[in-house]
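Take a look at the structure set out below.
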There are 2 protein chains.
Amino acid sequence: MGTEPEVPANRAPTLTDVAKLAGVSVATASKAINGRDEVKAATRARVLKAAELLSFAPNALARALLGGRTGTVGLLTSDLEGRFSIPILMGAEDAFGAGQVSVFLCDARGDAIREAYHVRALLSRRVDGLIVVGSSTDPRPPLAGTVPVPVVYVYAPSADPADISITVDNVGGGRLAIDHLLACGRRDIAHVTGEPGFAAARDRAEGAAAALADAGLTMLGGRPYYGSWDETWGRAAAHIVVEQHPEVDAIFCGSDQIARGVLETLRDLGRDVPHAISVIGFDNWDAIAAHSRPRLTSIDMNLERLGAVAGRRLFAAIDGGEPPTSEQYPGRVVMRDSTAPAG
Amino acid sequence: MGTEPEVPANRAPTLTDVAKLAGVSVATASKAINGRDEVKAATRARVLKAAELLSFAPNALARALLGGRTGTVGLLTSDLEGRFSIPILMGAEDAFGAGQVSVFLCDARGDAIREAYHVRALLSRRVDGLIVVGSSTDPRPPLAGTVPVPVVYVYAPSADPADISITVDNVGGGRLAIDHLLACGRRDIAHVTGEPGFAAARDRAEGAAAALADAGLTMLGGRPYYGSWDETWGRAAAHIVVEQHPEVDAIFCGSDQIARGVLETLRDLGRDVPHAISVIGFDNWDAIAAHSRPRLTSIDMNLERLGAVAGRRLFAAIDGGEPPTSEQYPGRVVMRDSTAPAG
DNA sequence: CTGAAAGCGCTTACAG
DNA sequence: CTGAAAGCGCTTACAG
């Protein structure tokens, strides 16, 4: 009766517990566990064994209180479906190294108030930095108030050019798509895309037009067929294009969903895709692109890479070296069966 | 020379800074900020103004070090696309109250080692609890090792029945789908679903069979048409079903992707959906269901609700009241245009 | 090589 | 109503 258990049952073991068990001071226990070399090998072994026995996990909070670094980052998104955020999160996780840095994911749901709330919570948790993921490629207002930690904007750039933004080069992406169609020997190319109110639509169209111009060509109809981002528009647009331009031999679509609709109409009309008409989409959204008839060639925006770059840039900013600069990446063509040389 | 600035430029303001500016002790400042009532109104006002001036945000880490509660939760997933995790995360966020609790999202990518790594990191960050989201509805192994905080499994139950799991009632979901088709006056109903190796496929089929039996009916062909979860199988299966059972007047599909394929084939065959044949899917995956022809009626698993329940149960467990128990929810029918009374 | 002491930013009894 | 003091779990100079 009255004998104290060596390991208090009820709370997580602390360094003090470990030190006691190993018969050393907490200072020494700390050094042993953190791999400092001013500690005798035998002592270190003893401490490590004690820590093992207690399954001691150092309290990161206490550590952070000293060091000023929490190893924690906030990822703020408004991308309700996670279609963009998740790959970006994964890329960032990779850049940080699993377990080194943990990320708080907060969904602001497009609401500025909610966003401010989350930012406040994250700051009081002393995140080392913030990644802000937008849900469209349009510039978004910078975070409200002064944020005392580095911020990197991903996918949607900050409207403030002084902020650092890692974005998709949609102009380059548009070029890529057209260049691929040209490589397939296509010449009579239409561009069906989403709402012109979106920078993504305008930029991809711009890149497409430029690439065509470089080849001495212009878009069928002289301009993009703007509409909405979904299949319904894709279906309608395909009818329109084929009717107005029976010579069409390729269609570049601003999204995979549009492309999917285009594909369906071409199928209904009995047009041979990819040989008579080649079709390329944008997003490389597997659920959409991998099961269409035929399977859809598409531009992949490399979102994971975007996330990884954002993570690295954020790190650099946290470490306070050269302030990183904004960057753009054009993506890549993912070939499936909807594009091919004229056959 | 030598005059100290009131606000040190380089670091986040602390309670001490606030107290100094307000001309009170830190103890009093603390009480004022935390709304304790043992402080004079005028004093509180002074402190609050000082905090405002410095845009002071209390250091949650220091606070947590005292209280033992961090207001932080880990969400462990392997759902690469975030299709399930994101709604669940959002539900949990809602349950916690935005800003009250922040959640660490970690993706283990189906790798046990990586998962263990994340768990370790989360524990050293002293999360108050863990939510584990599986990527299929099959039971998953419980978290390795002893975890000193409450854990709630969502979507995929833990293989250990002693753990608490919040899951979709797939048997109930299957019933729901059939009941809806019966309500539309359908009698000759086929079930096309995914891989029989998945509990989700078997459970939904079981519920479907039971609902049919209750109505004195059996599935067309006497058993489900098992295959894979994608559109390709849906297209093939529809051909098979129509050929083997020309009398078919409804098809219950185990996923929206399968349903989408079924719809395409029925369209190719010139069958009138929803009047000649009604089709219902499962998942209510908007990108798939909202743009098919006709738009797809589907079972929604209410993942947000699942997340909200998980959050509340986790809270209850953290607060240490009654240990919560496992629960199942059947989902609901979302009507679109692919089901209707025979016309 | 080891340990006593100070301190990170906060809260909480406990005096006054 | 206010404040001095102790302490949460750790690390880091600084003596020894």
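Note: hydrogens, waters and symmetry copies are ignored here, and every other heavy atom, side chains too, is used. In what follows, every chain begins at residue 1, and chains take the letters A, B, ... in the order their sequences are listed.
- With sequence neighbours left out, the ring pair (Phe, Tyr, Trp, His ring centres under 6.0 Å) criterion links F104(B) to F104(A).
- Here the C1' atom of nucleotide dG9(C) and the CG atom of L54(B) are 15 Å apart, to the nearest Å.
- Residues R69(A) and D319(A) are paired through a salt bridge, judged by an N-O separation under 4.0 Å between the basic side chain and the carboxylate.
- The phosphate of dC10(D) (OP1 or OP2) has no side-chain N or O of S30(A) nearer than 4.0 angstrom.
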Task: Per-nucleotide pairing state of DNA chain D [Watson-Crick or G-U, under 3.5 Å; [ ] pseudoknot-crossing; | other strand] - done: |||.||||||||.|||
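- For dT11(D), the OP1/OP2 oxygens have a side-chain nitrogen or oxygen of R63(A) closer than 4.0 Å.
- Spacing between atom CZ of R125(B) and atom C1' of dC10(D) amounts to 15 Å, rounded to whole angstrom units.
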Open item on the list: Set out, in order, the CA-CA distance, both residues' side-chain angles and the distance that settles salt bridge (charged side-chain N to carboxylate O under 4.0 Å, His left out) for R109(A) and D79(A), then state yes or no.
Closed with: CA-CA 7 Å; R109(A) 301 177 202 191; D79(A) 168 24; over 6 Å; no
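- Checked for salt-bridge contact, R44(A) and D37(A) miss the test: no charged N lies under 4.0 Å from a carboxylate O.
- Considering only residues two or more places apart in sequence or on other chains, Y329(A) meets the ring pair (Phe, Tyr, Trp, His ring centres under 6.0 Å) condition with none of them.
- Residues L21(B) and L54(B) have side chains in contact (heavy-atom distance under 4.5 Å, counting atoms from C-beta outward).
- When the side-chain nitrogen and oxygen atoms of T28(A) are compared with OP1 and OP2 of dT2(C), none of them lie within a distance under 4.0 Å.
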Open item on the list: Using the rule given for salt bridge (charged side-chain N to carboxylate O under 4.0 Å, His left out), can you reason through R312(B) versus D94(B), listing the C-alpha separation, both sets of side-chain angles and the distance that settles it, and then say yes or no?
Closed with: CA-CA 10 Å; R312(B) 285 199 290 273; D94(B) 283 347; over 6 Å; no
Restricting to nitrogen or oxygen on both sides, can you table the protein-nucleotides 5-8 of chain D pairs closer than 3.5 Å?
none

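- Looking at E115(A) and L143(A), their side chains come closer than 4.5 Å, going by heavy atoms from C-beta outward.
- Summarising the geometry of P13(B) relative to D17(B), their closest heavy-atom pair is CA-OD2, 3.3 Å, with the distance given to 0.1 Å.
- Summarising the local packing, CD of E52(A) is surrounded by 12 or fewer heavy atoms from other residues, nucleotides or ligands at distances under 6.0 Å.
- Looking at which nucleotide of DNA chain C each of N59(B) and K31(B) is closest to, the 5′-most match is held by N59(B).
- Contacts of Y153(A) classified as ring pair (Phe, Tyr, Trp, His ring centres under 6.0 Å), with partners at least two apart in sequence or in another chain: none.
- For DNA chain D, the neighbouring residues in residues 32-52 of chain A, judged by any heavy atom under 4.0 Å, are N34(A), R36(A).
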